[in-house]
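Take a look at the structure set out below.
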Amino acid sequence: MENKKIPYRHFLEEKDLPKQWYNLRADMKELPDPMLNPGTGEAMKEEDLYPIFCKELAHQEMDDKTRYVDIPEEIQEVYKQFRPSPLVRAYALEKALGTPAKIYYKFEGNNTSGSHKLNSAIPQAYYAKKEGLTSLTTETGAGQWGTALSEACEYFGLPLTVYMVKCSYEQKPFRRTIMKTFDANIIPSPSNTTEAGRKILAADPNCTGSLGTAISEAVEKAVTTEGCKYVLGSVLNQVLLHQSVIGLEAYKSMEILGEYPDIVIGCAGGGSNLGGLIAPFMGDKLTGKKPNTKFIAVEPASCPSLTRGKYAYDFCDTGKITPLAKMYTLGSGFIPSADHAGGLRYHGMSPILSKLYHDGYIDAVAVKQTKVFEAAKLFAQYETILPAPESSHAIRVAIDEALKCKETGEAKTILFGLSGTGFFDMVAYESYLNGTMKDYVPSDEELQKSFDTLPKVPGIQD
Ligand SMILES: *Cc1c(COP(=O)(O)O)cnc(C)c1O
């Protein structure tokens, strides 16, 4: 390959690790609408969040003004064990596609959790420990968040109970084993350890669970246990803040390499890896420094919250116990088809990303899973990484954009987020490879049924 001035993998030095997170809200012209109390319809204040989050995290959740937030040194020390992560130039993929485009990806799979989720699990466990909490609970579906939080809680010496969706608990036994390695207490949900779980089991003893049942159990356990709080791995403003470390590193690497992306692409479930990756580049767009950068959120056609959802106030969970957030949503009761194996199953989208999309700063594309796995296979063959199905949504669209460049002859610079590895998704890979994987696209009627259940808020949403 000629003219290889830019290395395959660019690593920042340890001293270049960001010392502050970047709070994109400080540069947004219009802020996301405030969270509402579902009972009164009133905007939540920081203090209203204290029963749910520890104080520092409640503050970060509501803080729209502080542009840069110091990363405590204890957190920087843990970050150093797996960061800075590499920015990779996909020379081999470019060549295979025959594209003049330059493709870069930021790889977040270099830690045991196999994804970017550890970036937020660490601060969430750290602040909980610092405030004197004695345990945490969470839910996990596919297991990445549960694994990341298990690692972080073990590091800071906080006992953790993970309610794991029962069918995942049974189908992904090795995920359990990793979490057990980090001493987490893992309970298949629904279980008989909570009132919510007992109720669900009484109605249906064979219930295989959903994220909704697991969240209800985890929250109940938190509110009924002294010194225990519930934590969440995506969607929230605080999580996007922590994940800005991805974008800040990518930005610095590109600066050193003399590059700047024309297009930034990421997969979007709850929006945390995408929100983190785009943060500083979006900051440049919002402040007029780089007005023309294009941003693309990629979601599954089977769970299309941005492309087919409603911008409305909705619950963040299926059990309807959280505050209401204004976001693109399919309705909190929406459950993607069982045929869908590619992750990104959340019904809503981060309020920050929802607002940016609503205001025209971000584009969104929905892709079918067989096309996603086709891209995953191609990527694995040329780039020596087996990508997570979630991340492969971004790969799909990065490839499509690079192929457009091939047609037009433009040498655009494309940056995408490779949020994790796919070693625990062999069942999904197998179904793609043996030809049994199906695509599912919900009908308009199906979505409308779900929209009909959106909450009413007097004077705000009827
Ligand atoms: C959880 C997860 C996602 C989706 O979550 P976001 O909050 O949208 O980033 C994407 N990729 C991987 C590898 C994940 O584990």
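The figures here come from the full heavy-atom set of this structure, side chains too, leaving out hydrogens, waters and symmetry mates. Whatever order the structure lists ligands and atoms in, that order sets their numbers, starting from 1.
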Inset, instruction - Could you tell me whether S272 approaches ligand 1 through its side chain, its backbone, both or neither, with non-hydrogen atoms closer than 4.0 Å? - result: both
Legend entry - Contact (N/O only, under 3.5 Å) between C267 and ligand 1: no
Inset, instruction - Would you check the N or O atoms of A388, main chain and side chain alike, for any that come under 3.5 Å of an N or O of ligand 1? - result: no
Legend entry - Option with minimal heavy-atom separation from atom 3 (C) of ligand 1, where the choices are H393, E299, K117, Q144: K117
Legend entry - L344: numbered ligand 1 atoms lying under 4.0 Å from its heavy atoms: 4 (C)
Legend entry - Donor-acceptor side-chain pairing of E108 and N119 below 3.5 angstrom: yes
Legend entry - Under 3.5 Å: N/O of G270 near N/O of ligand 1: yes
Legend entry - Close approach of E108 to ligand 1, heavy atoms, under 4.0 angstrom: no
Legend entry - Lys/Arg-Asp/Glu bridge criterion (N-O < 4.0 Å) met for D33, K355: no
Legend entry - E249 and K106 ion-paired at < 4.0 Å: yes
Legend entry - From G269, G275, G114, G276 - option closest to atom 8 (O) of ligand 1 by heavy atom: G269
Inset, instruction - Report, in ascending order of atom number, the atoms of ligand 1 lying under 4.0 Å from any heavy atom of H116. - result: 2 (C), 3 (C), 9 (O), 10 (C), 11 (N), 12 (C), 14 (C)
Legend entry - salt_bridge(D439, K368) N-O dist < 4.0 Å: no
Do any side-chain atoms of residues 262-283 form donor-acceptor pairs under 3.5 angstrom with protein atoms, and if so which ones, sequence neighbours left out?
residue : atom : partner : partner atom : Å
D262    : OD2  : T413    : N            : 2.7
S272    : OG   : H116    : NE2          : 3.2
N273    : ND2  : C267    : O            : 3.1

Legend entry - Atoms of ligand 1 close to G420 [distance to a heavy atom under 4.0 angstrom, numbered from 1]: 13 (C)
Legend entry - Sub-4.0 Å atoms of ligand 1 with respect to non-hydrogen atoms of S115: 13 (C), 15 (O)
Legend entry - Partner of F416 under ring pair (Phe, Tyr, Trp, His ring centres under 6.0 Å), chosen from Y105, F295, F107: Y105
Legend entry - Proximity of A268 to ligand 1 by residue part, where a heavy atom lies under 4.0 Å: backbone
Inset, instruction - Considering only non-hydrogen protein atoms, determine which one is nearest to atom 7 (O) of ligand 1 and report residue, atom name and distance to 0.1 Å. - result: S234 OG, 2.4 Å
Inset, instruction - Tell me, please, which residues at least two apart from D70 pass salt bridge (charged side-chain N to carboxylate O under 4.0 Å, His left out). - result: none
Inset, instruction - Considering only non-hydrogen protein atoms, determine which one is nearest to atom 13 (C) of ligand 1 and report residue, atom name and distance to 0.1 Å. - result: S419 OG, 3.4 Å
Inset, instruction - May I ask you to check whether Y440 and H340 place their ring centres under 6.0 Å from each other? - result: no
Inset, instruction - Could you list the atoms of ligand 1 found under 4.0 angstrom from a heavy atom of E390? - result: 10 (C), 11 (N), 12 (C)
Legend entry - Side-chain donor-acceptor pair present, E255, Y260, cut-off under 3.5 Å: no
Legend entry - Pair F424 + F174: ring centers closer than 6.0 Å: no
